Structures are given as C-alpha cells and as structure tokens.
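Report on the following structure.
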Protein chains: 2
Amino acid sequence: MIRRPTLAVVAEAAGVSLKTASRVLNGEPNVAPATRERVRDAAVSLGFRRNAVAADLARGGFSRLVGFITGDLANEFYSALASGIERELREHGLQLLTASSDEDPEREGSLTGELLERRVGALIVTPAGADHSALRGEIAAGLTVVVVDRPAAGMDVDTVVIDNRGGARAATLHLLEHGHRRIGFVGDEPHLWTYQERSAEFLAVMAEAGVPDAGRWLRSGAHSAAAARDLAAELLASPEPPTAVLAANNRATVGTLQALHEVPGGDEVAVVGFDDFELADLLGITVVAYDAVEMGRRAAELAVARSAEPDRPVELVVLPTRVLPRGSGERPPR
Amino acid sequence: MIRRPTLAVVAEAAGVSLKTASRVLNGEPNVAPATRERVRDAAVSLGFRRNAVAADLARGGFSRLVGFITGDLANEFYSALASGIERELREHGLQLLTASSDEDPEREGSLTGELLERRVGALIVTPAGADHSALRGEIAAGLTVVVVDRPAAGMDVDTVVIDNRGGARAATLHLLEHGHRRIGFVGDEPHLWTYQERSAEFLAVMAEAGVPDAGRWLRSGAHSAAAARDLAAELLASPEPPTAVLAANNRATVGTLQALHEVPGGDEVAVVGFDDFELADLLGITVVAYDAVEMGRRAAELAVARSAEPDRPVELVVLPTRVLPRGSGERPPR
DNA sequence: TCGTCGGCTGACAGCGCTGTCAAACGCAGA
DNA sequence: TCTGCGTTTGACAGCGCTGTCAGCCGACGA
C-alpha cells in the first residue's frame with residue numbers, strides 16, 4: 001500500500017503550521033502570498049495529494065460522492081443515464097459511485113446500504129422493486145434521493161421520467177393515421193411502471209379510435225429480446241394477425257424485428273418502437289425517441305438542488321418524447 | 001444533512017465500550033454471545049449505519065474503492081467493460097468509482113488526481129493519451145494500476161487487451177477466402193493503438209496474399225459513425241472501388257453500412273466489422289467478436305491480485321477474438 | 001503617543017472509527 | 001488455596017484533516 005506525505009509533512013517542510021498548509025491547499029483566503037508559495041512548492045516537491053477521505057470526515061462525515069443504483073450498466077439506456085449524471089455532477093465537483101442492482105430488489109437494498117455507509121451525499125435510483133421501505137426511512141432521516149425512469153411507488157421524492165403516456169399516444173395515433181386498426185403491442189414485464197403507462201395509453205387511444213377490443217393484441221413479458229421475439233411471433237401467427245406492431249421498449253423492438261424477419265411477409269408489417277437506438281436510423285425503424293442523457297443530467301441537477309436546499313418542494317420532471325418517422329411506421333396495412 | 005447515530009451512541013445504549021461495539025459490528029471474535037446480541041439490538045433500534053469513510057481512515061487511509069477511468073460511459077463498449085469490472089469487484093467487497101475522460105488526456109489527468117485524493121485502492125484505466133507521466137509516478141509510488149483495451153506506452157503495468165492482430169488477420173483472411181482482392185479498410189484515429197495493430201495486420205495479410213498495394217484502400221479517422229460514413233463513401237466512389245470492406249470498429253461498421261446503403265449496388269459489397277453489436281445479428285453483419293464484459297472482469301481480477309501481492313510479475317492478458325459469419329462477409333466479389 | 005482594526009498565523013479539539021495493549025474475569029490444574 | 005491461561009472487555013492513542021478561536025503583527029486615525 002502506497003504511502004503518501006501528509007499535510008503535516010508538507011507544513012513542516014514549508015515551515016508553517018498544519019492549519020496554514022491546509023488553508024493554502026484549499027485555496028482559502030488570508031494567507032500571505034509568500035507563505036502560499038512556500039507551501040505550494042513544498043506540496044509539489046513532496047508529491048503531496050490531499051486525502052479527501054480524511055477531509056470529508058473532518059468536515060462532518062459526508063463525502064462529495066453521489067451514488068447511482070441502476071438496473072444494468074451494460075444496457076445502453078442505463079449507461080446513457082449514468083453518462084448524463086456524471087457530467088452534471090462534475091460541474092458541481094461531485095463524483096459518481098455506480099452500482100448495478102441487476103433489477104433485483106434485494107440487491108438494490110444491500111447496495112443502498114453500502115452506499116450509505118460510504119456516506120454518499122445523495123442517491124439516484126432507478127427503482128427495481130416495489131418495496132422501498134428501506135429507502136423511505138433514509139429519506140425521512142434527511143437523505144437526498146432522486147428516482148429516475150420510474151417513480152417509486154408511494155414515496156414523495158424528486159422524480160425524473162419521460163412522458164410515457166404521450167409517447168405511447170403519439171405512436172399509436174401514428175399507426176392509426178396510416179390506416180392500421182389491428183395493432184399489436186409487445187410490452188415489458190407487466191409489473192413495470194413504464195409498461196403500465198404505455199400499455200394503458202395504447203388501449204385508451206385504441207378505444208377512442210373505435211377499436212375497443214385492442215387488448216387481444218396486447219402482449220407483455222418482453223424483458224429480453226428473445227422473449228420479445230417469441231411474443232411477436234405468436235402474435236403474428238394468430239388467426240387475425242396485426243398489420244402493425246408497437247414495440248414498447250428497445251428490447252421489444254429488436255425481438256419484434258427478429259420475429260418479422262422470420263415470418264413470410266413480415267417486412268410488410270408496420271413497426272414503431274419505443275426508445276431510440278443507434279441503428280434504428282439505418283434499419284429505417286420509426287421510433288418514439290427521447291433524451292436519456294438529459295434525463296440523467298436532470299436527475300443529478302435535482303439531487304444537487306435538494307442537497308443545497310432540503311426543504312424545496314418535491315419536483316416531478318417529465319421529459320418529452322417525439323415520434324421519429326423512418327419508414328417502418330409509415331407502411332400501410334396490407 | 002442527515003445525522004446518524006455513531007458507534008459511541010450504540011455502545012452507550014448497549015452498555016458496552018466503543019471498542020466492543022466495534023468488534024460486534026465488524027464480526028470480530030471474542031465477544032460474549034449475550035453482549036453481541038445486546039449491541040446488535042441497540043444498533044438496529046437506533047438505525048445505526050457504520051461510517052465506512054471513518055473506518056477506512058482509521059484503518060490506514062485506504063478506501064475499498066476502485067477507480068475506473070473510461071473514454072465514454074455512453075459507449076456500449078465501455079459500459080460493458082464497466083459492467084464486468086463492477087461484477088468482479090463486488091465479489092471482493094470492493095466498490096467501483098467511475099469517471100469519463102471523454103478521451104481527453106488532460107481530463108484523464110485531472111480525474112486521476114481526484115480518484116487518488118479519494119484514496120482508491122487501485123485504478124483501472126483505458127488510456128486516452130500517450131503521455132502517462134502522472135500515472136507513472138503513482139505506479140512507482142506503489143499504486144495499483146491496470147490498463148485495459150489499449151496498452152499504456154512505455155509503462156510496465158498489468159494490461160488486458162484483445163488479440164487485435166489475430167482478429168484483423170482472421171477478418172482479412174475471411175474476405176480473401178471469399179474471393180475478394182480489393183478490400184477496403186475503414187479505421188479509427190491513426191494514433192490509437194488498436195487502429196495501428198489492426199491496420200498493420202490487415203496490410204501484412206494482404207501482402208502475404210499477393211496484394212502488395214492494399215494501402216490505397218486504407219482509410220483512417222473513423223472515430224464517429226459520421227466520419228466513417230464519409231470515408232467509406234469516398235472509398236466506394238474511387239476509380240477502382242473495393243468489393244469488400246473491413247470496418248475496424250463498431251462506429252466504423254455503422255458508418256460503412258450507412259454509406260453502402262446510399263450507394264447503388266452498395267448492398268453487394270461484402271462487409272466484416274470489428275466489434276460485435278447487438279443488431280449485427282439482425283442485420284446479418286459478419287463481425288470479429290470478443291467478450292468485453294470478460295475483459296472488464298479480468299482487469300478487475302488483476303487489480304485485486306496486484307493489490308494483494310504488489311510484487312507479482314506484471315501480466316499481459318490477451319483475450320481471443322473470433323469471426324462470426326452472418327452473411328455480409330460471405331458475399332462474393334461482384 | 002495610544003487604541004483599534006484587519007490581515008495573517010497557529011494551537012487545539014475533534015470527525016467516527018480501529019489497533020494496541022493492558023486489565024479483569026472465569027476456570028482448570030497443582 | 002494459588003497459579004496459569006484463555007476469553008472477554010475497555011482505555012487510549014491515533015488515522016489526516018478542518019473548524020474554532022485566540023494571538024500576533026503592522027498600519028492607521030485620533
């Protein structure tokens with residue numbers, strides 16, 4: 001284990017007290033320029049590096065760290081979030097401590113504990129489970145928590161989500177306007193809030209359009225591309241197959257495309273996907289897009305704001321979505 | 001700022017000394033079962049949470065944190081790395097502190113500084129620049145550093161890379177075997193080590209195959225998909241256009257596909273991409289694949305091993321690559 | 001000349017925890 | 001009963017830093 005010179009060593013080398021050295025290295029005022037320089041020189045020549053751990057402790061035990069508990073870092077959506085968060089935190093001199101829950105509520109709990117032991121100043125979470133009792137206690141105790149992507153049921157915390165309803169409505173209308181009536185819906189796990197929002201709005205729009213039994217084309221469970229593929233295949237093989245599919249997340253879109261690829265005439269089926277992805281452009285896939293990096297940025301912004309002002313009113317940020325027509329969503333019904 | 005009960009409070013509530021409470025909460029031996037229970041109860045009922053910051057300081061100033069400095073968290077390759085690292089660290093009770101350098105050497109330097117101030121036990125880096133003088137000093141001082149994806153020039157540290165040469169060779173041979181002679185190469189920025197390795201091997205294999213002037217189809221600068229697209233378009237518009245393209249990274253592949261999409265007859269050009277990506281399957285793109293998550297895992301493993309045993313010999317881990325034929329690379333020359 | 005004020009500096013007491021070391025205790029064998 | 005040993009417990013001194021507060025100095029106005 002590497003051993004570094006302490007402030008005391010620097011102070012002694014510069015011939016000043018510990019406190020004066022501390023002042024210089026923290027850029028505090030009221031130090032004579034000559035002294036300042038002497039301390040700086042000593043610090044540099046000794047290879048001094050301040051110990052942020054000790055500094056945080058002395059300052060009151062709180063670190064300049066913000067924890068981010070995410071579903072799965074390898075998923076492009078979460079990493080976009082992390083990227084936005086990190087960038088914003090940096091502006092405020094804060095650092096990001098990430099941890100993946102693998103969408104496992106139990107693990108989410110233990111990670112929360114670890115981050116709290118690390119005395120993070122705030123926690124940004126994409127809630128995996130429905131039970132946030134542990135978190136609730138912390139919030140009551142004054143911890144800054146921001147949830148992102150999905151609201152945490154029954155908790156009064158700052159939240160950043162996208163306009164799931166609006167996106168689902170726009171996508172459904174888009175397909176209806178292109179003449180489709182039999183529209184399939186391939187969605188995520190039913191317990192996920194985003195699924196519920198998107199599917200509910202889909203059904204509502206369909207009903208408004210005079211297609212009351214749209215529920216028979218509604219499928220859920222597409223948490224992986226493979227699952228989505230099976231669901232879509234089953235949908236297309238039904239007696240009255242849809243002429244269009246609304247895939248409710250990026251996995252679902254990929255799986256649906258795979259299924260369509262394998263079914264004869266599958267390339268005539270219209271597709272709109274929720275969530276943009278890099279190659280959607282190339283593939284000509286019409287999607288409901290939004291800015292995931294911005295989502296992370298806003299979450300971090302809220303975390304910073306609440307830390308500074310704990311009594312500010314709780315905020316709900318809803319980011320807009322928009323339909324990006326690229327061809328697959330504009331195909332007419334067969 | 002949330003205020004938590006300290007160990008001293010727990011100890012008092014349980015009627016024991018600070019040290020005994022500490023022993024219980026750290027699972028140390030030699031505490032009477034009854035005492036143990038009393039302390040546990042007190043801790044739970046008070047909502048005690050140990051302060052890892054203070055504990056680390058008391059133990060010698062080192063945190064159980066490992067820093068990871070990456071090019072861009074939003075890039076699917078880096079997030080796969082991060083995911084693998086995180087998983088492995090967790091096994092050892094360590095936490096991941098991530099930071100993005102945006103491939104900026106200067107920022108890499110300042111991030112390194114911040115992480116060191118945080119007293120990370122080890123640093124995992126994908127080196128952005130060529131100058132690692134700052135890092136070199138730290139390594140000399142005993143800091144554990146592992147570099148991943150690209151070696152750090154002139155530094156004797158544990159390294160995890162993939163077999164770039166082997167992958168490039170296999171990809172080039174694959175195209176040659178399918179009858180191509182005029183093979184284009186769309187590569188990343190020339191200063192990147194991965195570019196140099198891949199392009200050099202490409203040229204070597206071409207020369208061995210009796211195509212000595214393959215350099216005229218070699219292009220570099222495809223750091224973004226847009227840049228790659230322009231390069232590929234220019235290549236295809238040349239008087240003697242290639243009948244196949246080897247795209248040397250995932251951005252390059254995407255850009256090349258875009259370019260081919262726009263050129264008449266572009267879909268007859270064979271393509272092999274370096275780096276697998278999710279939709280490559282769906283698009284039928286032949287790629288040189290490898291396991292980025294495993295890469296991260298191995299890097300973390302090395303970091304842990306070296307921290308435990310600083311004098312172990314420096315290791316170079318080279319992960320294998322393999323060609324995944326999916327159609328685009330098997331098209332014959334026109 | 002003296003008093004006052006602002007700039008500069010340092011002594012000291014923690015922050016919350018752990019390592020060290022010594023004391024206290026209980027129980028076995030002599 | 002006394003000695004010896006292992007178990008259990010606690011006092012105390014830090015880890016490296018910052019906040020508080022007091023002291024020192026020269027400059028300035030009266």
Side-chain angles (χ1 to χ4, degrees), chain A residues 1-40 42-43 46-65 93 114 116-121, chain B residues 1-40 42-43 46-65 93 114 116-121:
Chain A
M1 276 292 163
I2 168 172
R3 178 114 239 116
R4 298 178 168 292
T6 68
L7 235 198
V9 175
V10 174
E12 187 175 2
V16 299
S17 79
L18 194 57
K19 179 63 208 186
T20 297
S22 165
R23 276 196 269 261
V24 173
L25 269 2
N26 284 302
E28 286 170 34
N30 294 338
V31 177
T35 312
R36 195 174 287 277
E37 195 156 337
R38 220 153 12 103
V39 173
R40 285 232 172 89
L46 288 170
F48 173 76
R49 201 134 236 169
R50 72 196 281 280
N51 185 331
V53 175
D56 285 342
L57 180 62
R59 257 197 293 257
F62 269 88
S63 71
R64 299 191 62 72
L65 252 29
E114 283 176 31
L116 290 176
E117 289 188 357
R118 185 71 48 204
R119 289 301 189 269
V120 292
Chain B
M1 276 293 163
I2 168 173
R3 177 116 236 111
R4 297 177 171 292
T6 68
L7 235 199
V9 175
V10 174
E12 187 174 2
V16 297
S17 78
L18 194 57
K19 181 62 207 187
T20 297
S22 164
R23 276 196 268 261
V24 172
L25 269 3
N26 284 301
E28 285 172 34
N30 295 337
V31 178
T35 313
R36 195 173 289 275
E37 195 156 338
R38 214 146 24 95
V39 173
R40 286 234 171 88
L46 289 171
F48 172 77
R49 202 135 237 168
R50 72 196 283 280
N51 185 331
V53 175
D56 283 343
L57 181 61
R59 269 203 215 97
F62 269 87
S63 71
R64 300 191 62 72
L65 252 31
E114 284 177 31
L116 290 177
E117 289 188 358
R118 188 67 52 201
R119 290 299 188 270
V120 292

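Lettering follows sequence order; numbering is per chain, from 1. These figures come from a predicted structure and were not determined experimentally.
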For this session: Measure the OG1-CZ distance between A:T35 and A:R40 for me, rounded to the nearest 0.5 Å.
Result: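 Rounded to the nearest 0.5 Å, the OG1-CZ separation comes out at 11.5 Å.
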For this session: Could you tell me which residues satisfy salt bridge (charged side-chain N to carboxylate O under 4.0 Å, His left out) with B:R23, sequence neighbours excluded, listed by chain and number?
Result: none
Seminar exercise, completed: When rounded to whole Å, the CZ to P distance for the pair B:R36 and D:dT8 reads 9 Å
Is [Y] close to [X] at the side-chain level, that is, under 4.5 Å between some pair of heavy atoms?
{"X": "A:R119", "Y": "B:N51", "value": "yes"}
{"X": "B:F48", "Y": "B:V9", "value": "no"}
{"X": "A:R4", "Y": "B:L116", "value": "yes"}

For this session: List the protein contact pattern of nucleotides 12-22 of chain C with one symbol per nucleotide (5' to 3'): B for base contact, S for sugar-phosphate-only contact, - for none; contact means a heavy-atom distance under 4.0 Å.
Result: --BBBBBBB--
Contacts under 3.5 angstrom, residues 11-19 of chain A side chains, donor-acceptor by atom type, not counting sequence neighbours:
residue : atom : partner : partner atom : Å
A:S17   : OG   : A:K19   : N            : 3.3
A:S17   : OG   : A:T20   : N            : 3.2
A:S17   : OG   : A:T20   : OG1          : 3.3

Do the side-chain N or O atoms of [X] get closer than 4.0 angstrom to the phosphate oxygens (OP1, OP2) of [N]?
{"X": "B:T35", "N": "D:dT9", "result": "yes"}
{"X": "A:T20", "N": "C:dG10", "result": "yes"}
{"X": "A:N30", "N": "C:dG7", "result": "no"}

Using the 3.5 Å cut-off, write out each protein N or O paired with an N or O of nucleotides 23-25 of chain D and the distance between them.
none

For this session: Provide the closest heavy-atom pair for A:R36 versus A:E28 in the form atom of the first, atom of the second, distance.
Result: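 Heavy-atom minimum between the residues: NH2-O, 3.0 Å.
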Exercise. What is the minimum heavy-atom distance between A:P5 and A:L46, and which atoms define it?
Worked result: CG-O, 3.3 Å
Exercise. Does CD belonging to A:E37 count more than 12 external heavy atoms closer than 6.0 Å?
Worked result: no
Exercise. Could B:D56 and A:R118 be called an ion pair, given the rule that one side-chain N must be under 4.0 Å from one carboxylate O?
Worked result: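 Salt bridge: yes.
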For this session: Name every residue in residues 9-17 of chain A that has at least one heavy atom under 4.0 Å from any atom of DNA chain C, in order of residue number, or write none if there are no such residues.
Result: A:V16, A:S17
Problem set entry | Partner of A:R50 by side-chain contact (heavy atoms from CB on, under 4.5 Å), out of A:V10, A:N26, A:T6 |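 That would be A:N26; it is the only one of A:V10, A:N26, A:T6 passing the side-chain contact (heavy atoms from CB on, under 4.5 Å) with A:R50.
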Set out, line by line, the N/O atom pairs under 3.5 Å between protein and nucleotides 25-27 of chain C.
none

